[in-house]
Every structure is written in C-alpha cells, then in structure tokens.
Amino acid sequence: MKKQKIEGIGLSLRFPHFNEILKFNHNVPWFEVIVDDFLVDGPHWDKLTQLRNKKPIAMHSIGMNIGGVDPWDLNYLKKLKQLYNKFQPEWVSDHLCWSAHNGKFHHDLLPIPRTNAGLENAIDRINYLQSYFGRPLVVENVTQYIDYKQADYTEVEFINKILEKTDCYLLLDITNMIINHKNRNQDYKLFLNELQMDRIKQFHLAGGIEDNGLWIDTHTEDVKNEDITALKLIYEMGSRVPGVIERDNNLPLFSVMKEEVRRVSGASVGL
Amino acid sequence: MDYKSYLSNMSQEILGLDKDLGQLGEILSEDSISNLKVYKKNYMNHVFNILSGDFPALKKYLGENNFYFFARKYLIEVGIQSPSIAELSRAFKVYLVGLHSLHEDDLIEDIVKIDLLWSQSYPQEIEVSSGALEFWQELISGDKSEKVINLDVLVRIVLINYKGEQAFKVLT
C-alpha cells in the first residue's frame, strides 16, 4: 500500500466517482473513506484496494455512538478493526455524538448533552475505543440544531476537556462550527481562540442550506466562501493540517469536485 | 434527569416521526423543540435515500408515494436495528416480502431480490421467476420487454464483471 503523508485538500470518496478516481489522472491527493459503506464485502473492496495502492486514505465512520450508553456492538467494532487492518488508513475518525439508543439506530449525529455525565460517558467510551483499536481516535464536532437546558460546559470547553482527558485528536468540521455559531448569532472566532488547536488532525468542509432561518449541514452544496475564509484564518493561526470536502447529495461530476478541491486549496496560497 | 433518560426521551421523540410526544419540555429550550424537526426529517430522508438507492426497480414498480409509504411503515414498525447501512436494505427486503398486503403480488419478491443483487451483490446467486429479470430491466430502462413472465419456471441469476462493468448472467 502507498506510504505517503496525507497533505492538502482531499475528497470524501463517493461511489459514483469511483471509476473516475481510479483513472488516477487527477491531483486529488487523498481520500476520506466512509468505512460504513464497506462493512459488507463486494466489488467495492477491490476498488478500494486499487485506490489504497496509489493514494493515502483516512477512514471515517458514523456508527461508533461515542455519546451513547448502549453496550458496544462488538460485531461492528470488530468489522471496523478488520477494515482498518486491511486498508491501512492513516487515521480513523468518528463523531462526538450519539447515534443509537436501546438498540435502535438513528443513523444521524445527535448532540451529546454537555453535562458532567455526558462528558464522563464520552471520555470513558473514547478511551475504550482507543484501547480496542490500538490507535488514537479522531473525533469530529457535529452540528447542533438543539440546545439542552442543562449545560455544564460550552461547546469548546467540552471538546477541550475530551481532548485533554483522552489524548484523542479533533477532526474540526469548519462548516459545522460556522453553522452552530450562525444559528446562535455568535462569532466562531471566539470558539477558535479557545480551542486546543494543536490537537486538530484534520478538517471537514461542506456546503449547507438555509431553511426558514436555520442553517442546516446538508452536504449538498459547494463550500461557502465564508468557510474558506475560516480555513484561511485557521491556517494563519498555525494549524496546517489536511482537509476534506464532503458532498453527499446533489452530487456533481468528479470534474466539478476536482475544481472544488482547487478552489478550497486556494486558502493556503500566500501563506 | 439522568443522562440515560436524556437519550431515551430524545430518541423516542425522533423515532416517533410525525408524532409529538411532548416529552422534551424539561430537556430542551423552546426554540430547540421546534428544531427537532431537522432530526426527524434527517431520519426519514436518510432511510428513504438509502432504500431508494438499493431498490431502484421496486421504487418504480410501486411508485414513489407507495415506496415512501412502505419505507415509513418499516421505520415505525421495525426501525433501524443495525449500524450497517447494507443491513438496513436487507432487513427491508425481508420485511416487504413478509407483508400481508403485498402477498398477492408475486413479482414483489423477485424485484427486490434482483434489486439487492444489483445494488449490493447480495446474495451471490438468486432464483427468480422466468421473465422477472427482463421485467426488472424494463422498469430500470423504460424499454419494453417482450419476455413473458412465468411464475412456475425459475431461473438462477448471478452478477458478473463484464468488460469492467457489472452485469447479470442467467445460469442454465
């Protein structure tokens, strides 16, 4: 498998683009693979092997349920570990959220109540996962369309506590950060000033929509210019880690996504 | 309220879809209760998108409104019981085939089998009525097939790689 440092702006791997990607006549430097798409064997495994032989990857999941209280789904964790061993991602990530309860899965990223109990639960579960996988975990901040009445921590305090107590890393979703602050008429720069920047491993950028005054992280649009401005600010603050553009629906051609990579990569020009 | 109860109340409210269980006044701010619709909509749309992708012919056969009806019915009656997206579609297939209201339609089972073989290469080999594959192709492409469906004759079908593209092969 290709031993190559992950750098620059990559793309989240999408199946409709797979054949184009495997022509390797493009400059997309790396790919983030949604590992949940590969839980069952099939022709896509061969394709991922081909990709991995030429490009470095990271693996990103949605089902670890870090903020949940259900017993671990050991079949799921075992499968993730097998895939990590097989495809050798440079790092693995999931979300600071809960996504299942009482055996029912939401397949969504529900915000963790930022209480002491929520914090301790998340810390315990991240420590367990890191021990199980035998590697550090990277955890992503999520959009939060709701506020719990009880909150012992602000969002940035909560994230910092988790980073400090578990030694895990942060996948800073810049779009989620901006949406959370826009929806509350707050300035995301205050969040960035307090955040433990040295623990950021990777960025996400995506494009959302506004629906009746509420911004929603739909992953259906081009990355907004304000997100690129935020990325440039983060670069200037000293964090030059790699990033990925996420696009789930309203998926354009691969050629359009390559242009998005070029456009977002412009944030680092002159720095 | 303890942490587990937070999650229980939130989960029940979201999984209840259109129902308003009114359980969250103690947990969420007033603005947030109305924003909960984002998570309810995400839940339904996410499942609908996955099932639409994995069952393209079934969606055309039933029509979009009916397909959505059965997807929603599945969510309310069964829910998602695995973190695996592939498992969701496989479980939906089992659910549909078992539905009493669809029992009279002999083609439903054949269509979902072919859909799942095409979208997930699962299982490796299937058995369907003679003519069902051609009917499936008709649903997908819109081109009329002359083949007559014979429910009494079964054919075995596998998925192959033909010149770099996936294709069906009918085994003799």
Side-chain angles (χ1 to χ4, degrees), chain A residues 15 19 34 36-44 46 61-65 67-70 73 75-77 79-80 98-113 115-121 143-151 183-184 211-212 214 216-218 248-249, chain B residues 1-15 24-47 49-50 53 75 78-91 117 119-124 159-161 164-166:
Chain A
F15 280 14
N19 289 342
I34 305 299
D36 302 79
D37 288 340
F38 292 85
L39 292 176
V40 293
D41 197 351
H44 50 309
D46 294 333
S61 53
I62 57 169
M64 285 189 197
N65 194 24
V69 295
D70 278 10
D73 183 334
N75 285 333
Y76 178 69
L77 296 187
K79 195 71 197 180
L80 291 185
W98 62 281
S99 54
H101 188 67
N102 270 346
K104 292 284 177 73
F105 291 79
H106 288 254
H107 279 271
D108 203 347
L109 312 172
L110 299 163
I112 297 173
T115 60
N116 283 315
L119 178 67
E120 279 169 30
N121 182 66
T143 40
Q144 304 187 29
Y145 304 110
I146 55 169
D147 286 313
Y148 296 99
K149 275 182 176 172
Q150 187 192 350
N183 283 341
R184 291 165 179 80
D211 182 7
N212 278 328
L214 187 70
I216 300 177
D217 184 36
T218 55
D248 295 348
N249 299 307
Chain B
M1 186 178 292
D2 66 24
Y3 185 68
K4 190 173 177 178
S5 299
Y6 265 87
L7 303 193
S8 291
N9 285 326
M10 283 281 294
S11 186
Q12 281 170 32
E13 188 71 41
I14 293 168
L15 298 181
L24 301 182
E26 202 182 321
I27 300 175
L28 298 182
S29 66
E30 208 168 300
D31 281 345
S32 293
I33 290 178
S34 68
N35 287 349
L36 208 60
K37 62 180 180 289
V38 174
Y39 295 108
K40 292 190 180 195
K41 199 172 160 187
N42 279 354
Y43 180 57
M44 185 65 235
N45 286 347
H46 179 75
V47 167
N49 287 339
I50 290 169
L75 272 190
V78 180
I80 309 173
Q81 298 184 355
S82 165
S84 164
I85 295 164
E87 284 298 328
L88 165 64
S89 293
R90 295 176 191 190
L117 178 62
S119 60
Q120 289 192 12
S121 308
Y122 176 84
Q124 290 185 329
L159 208 57
I160 60 169
N161 188 310
E165 301 287 334
Q166 82 175 15

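The sequence lines fix the lettering, A, B, ..., with proteins before strands; numbering per chain opens at 1.
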Asker: Less than 4.5 Å apart, any side-chain heavy atom of A:Leu39 and any of B:Glu87?
Answerer: no
Asker: Kindly indicate whether the side chain of A:Ile146, heavy atoms from C-beta on, has any atom under 4.5 Å from the side chain of B:Tyr39.
Answerer: yes
Asker: Side chains of B:Leu7 and A:Pro113: does their closest heavy-atom pair fall under 4.5 Å?
Answerer: yes
Asker: Determine the option with the most heavy-atom pairs under 4.5 angstrom with chain B, choosing from A:Ala100, A:Ser61, A:Gly67.
Answerer: A:Gly67
Asker: Which distance, rounded to the nearest 0.5 Å, do you find between the NE2 of A:His107 and the CG of B:Asn42?
Answerer: 13.0 Å
Asker: Only pairs of heavy atoms separated by less than 4.5 Å count here; which of B:Gly79, B:Ser121, B:Ser8 has the most with chain A?
Answerer: B:Ser8
Asker: Would you say A:Lys149 and B:Glu26 make side-chain contact, with heavy atoms under 4.5 Å?
Answerer: no
Asker: For A:Asp37, is it the side chain, the backbone, both or neither that has a heavy atom under 4.5 Å from a heavy atom of chain B?
Answerer: side chain
Asker: Using 30° and 60° as the class limits, which term best fits the ring planes of A:His106 and B:Tyr43: parallel, tilted or perpendicular?
Answerer: tilted
Asker: Which distance, rounded to the nearest 0.5 Å, do you find between the OG of B:Ser32 and the CD of A:Gln144?
Answerer: 10.0 Å
Asker: Nearest 0.5 angstrom please: A:Arg184 CZ to B:Asp31 CG, how far?
Answerer: 10.0 Å
Asker: Tell me, for B:Val78 versus chain A, whether the close heavy atoms (under 4.5 Å) come from the side chain, the backbone, both or neither.
Answerer: backbone
Asker: With a 4.5 Å heavy-atom cut-off, do A:Lys104 and B:Leu15 have their side chains touching?
Answerer: yes
Asker: Is chain A contacted by the side chain of B:Asn49, its backbone, both, or neither, given a heavy-atom distance below 4.5 Å?
Answerer: side chain
Asker: Name the residue from A:Asn75, A:Asp73, A:Asn65, A:Ile62 that meets the side-chain contact (heavy atoms from CB on, under 4.5 Å) definition with B:Pro83.
Answerer: A:Asp73
Asker: Under the 3.5 angstrom rule, does the side chain of A:His44 hit a backbone N or O of B:Gln120 as a donor-acceptor pair?
Answerer: no
Asker: Side chain from CB out, backbone as N, CA, C, O: work out which of these in A:Asp147 comes under 4.5 Å of a heavy atom of chain B, or both, or neither.
Answerer: both
Asker: Should B:Tyr6 and A:His101 count as side-chain neighbours, where that means a heavy-atom distance under 4.5 Å?
Answerer: no
Asker: Report the C-alpha separation of B:Lys41 and A:Asp211 in whole Å, then their side-chain angles, then the decisive distance to 0.1 Å, and conclude whether the side-chain contact (heavy atoms from CB on, under 4.5 Å) test is met.
Answerer: CA-CA 12 Å; B:Lys41 199 172 160 187; A:Asp211 182 7; 4.1 Å; yes
Asker: Which residues pass the side-chain contact (heavy atoms from CB on, under 4.5 Å) test with B:Asp2, not counting sequence neighbours?
Answerer: B:Lys4, B:Ser5
Asker: Take B:Tyr122 and A:Val40 through the side-chain contact (heavy atoms from CB on, under 4.5 Å) test and state the conclusion after the steps.
Answerer: CA-CA 9 Å; B:Tyr122 176 84; A:Val40 293; over 6 Å; no
Asker: What part of A:Asn249 gets closer than 4.5 Å to chain B, counting heavy atoms only: side chain, backbone, both or neither?
Answerer: side chain
Asker: For A:Asn183, which atoms come within 4.5 Å of any heavy atom of chain B: side chain, backbone, both, or neither?
Answerer: neither
Asker: Please determine, among A:Gly63, A:Gly103, A:Gly42, the option with the most heavy-atom pairs under 4.5 Å with chain B.
Answerer: A:Gly103
Asker: Residues two or more places apart in sequence or in another chain: which of them pass side-chain contact (heavy atoms from CB on, under 4.5 Å) with A:Asn121?
Answerer: A:Val69, A:Arg125, B:Tyr3
Asker: Would you say B:Ser84 and A:Phe105 make side-chain contact, with heavy atoms under 4.5 Å?
Answerer: no
Asker: Side-chain contact, heavy-atom cut-off 4.5 Å: B:Ser11 with A:Trp98?
Answerer: yes
